[in-house]
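Keep in mind that this is a model prediction, so the values were computed, not measured.
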Amino acid sequence: QVQLVESGGGLVQPGGSLRLSCAASVSIFSTKTMSWYRQAPGKQRELVALITGGGNTNYADSVKGRFTISRDNAKKTVYLQMNSLKPEDTAVYYCYLSEGYWGQGTQVTVSS
């Protein structure tokens with residue numbers, strides 16, 4: 001049974017940092033593309049960052065230079081390091097395992 005368990009969300013001040021983790025309980029992980037999405041109230045869910053099984057990455061323009069996605073295949077875990085956080089980064093962040101598996105979401109709030 002596939003499970004994606006997220007952690008690391010919380011409240012942070014503008015300019016601060018958070019590191020999100022997503023641990024996957026799944027047989028096939030290392031070859032799968034994994035992604036982080038986010039969704040703010042009243043907005044569509046958007047792709048934040050993506051990492052392939054080979055370690056290639058892609059980022060939304062809004063987070064380039066501030067966020068870093070990485071993975072540890074031995075731990076079957078994907079991370080999202082978020083630096084220089086802005087209020088507009090406030091959203092529920094979701095881990096996604098290709099093809100078709102979502103984490104439960106974790107709230108990130110950037111506020112003074």
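A salt bridge links D61 with K64: the closest approach of a Lys/Arg side-chain nitrogen to an acidic carboxylate oxygen falls below 4.0 angstrom.
L4 and L50 fall into different hydrophobic clusters, defined by Ile, Leu, Val, Met, Phe, Trp and Tyr side-chain heavy atoms under 4.5 Å apart, directly or through other members. If you chain together hydrophobic residues whose side chains sit under 4.5 Å apart, Y96 and L80 never meet in one group. A chain of hydrophobic side-chain contacts below 4.5 Å, direct or via other Ile, Leu, Val, Met, Phe, Trp or Tyr residues, connects V92 to L47.
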Could you go through the side-chain contact (heavy atoms from CB on, under 4.5 Å) check for Y59 and I51 one step at a time? CA-CA 9 Å; Y59 299 92; I51 185 166; over 6 Å; no
Trace of the side-chain contact (heavy atoms from CB on, under 4.5 Å) decision for R66 with M82: CA-CA 6 Å; R66 300 188 298 118; M82 304 184 293; over 6 Å; no
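Residue Y94 comes nearest to G103 through the heavy atom pair CD2-O, 3.8 Å, listed as atom of the first residue, atom of the second, then distance. Nearest heavy-atom pair, C95 versus V78, reported as atom, atom and distance to 0.1 Å: SG-CG1, 3.6 Å. When all heavy atoms of R38 and Y93 are compared, the pair lying nearest together is NH1-OH, 2.9 Å.
Counting non-hydrogen atoms of neighbouring residues, nucleotides and ligands closer than 6.0 angstrom, the CD atom of E88 exceeds 12 such neighbours.
How far CG of D89 is from OG1 of T109: 11.0 Å, rounded to the nearest 0.5 Å. Note that the CD1 atom of I69 and the OG1 atom of T52 stand 9.5 Å from one another [nearest 0.5 Å].
Under the 4.5 Å side-chain criterion, counting only non-hydrogen atoms from C-beta, Q107 is in contact with T90.
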Contacts table for residues 13-37: side-chain donor-acceptor under 3.5 angstrom, sequence neighbours left out:
unit_1: S17; atom_1: OG; unit_2: N83; atom_2: OD1; d: 2.9
unit_1: W36; atom_1: NE1; unit_2: Y79; atom_2: O; d: 3.4

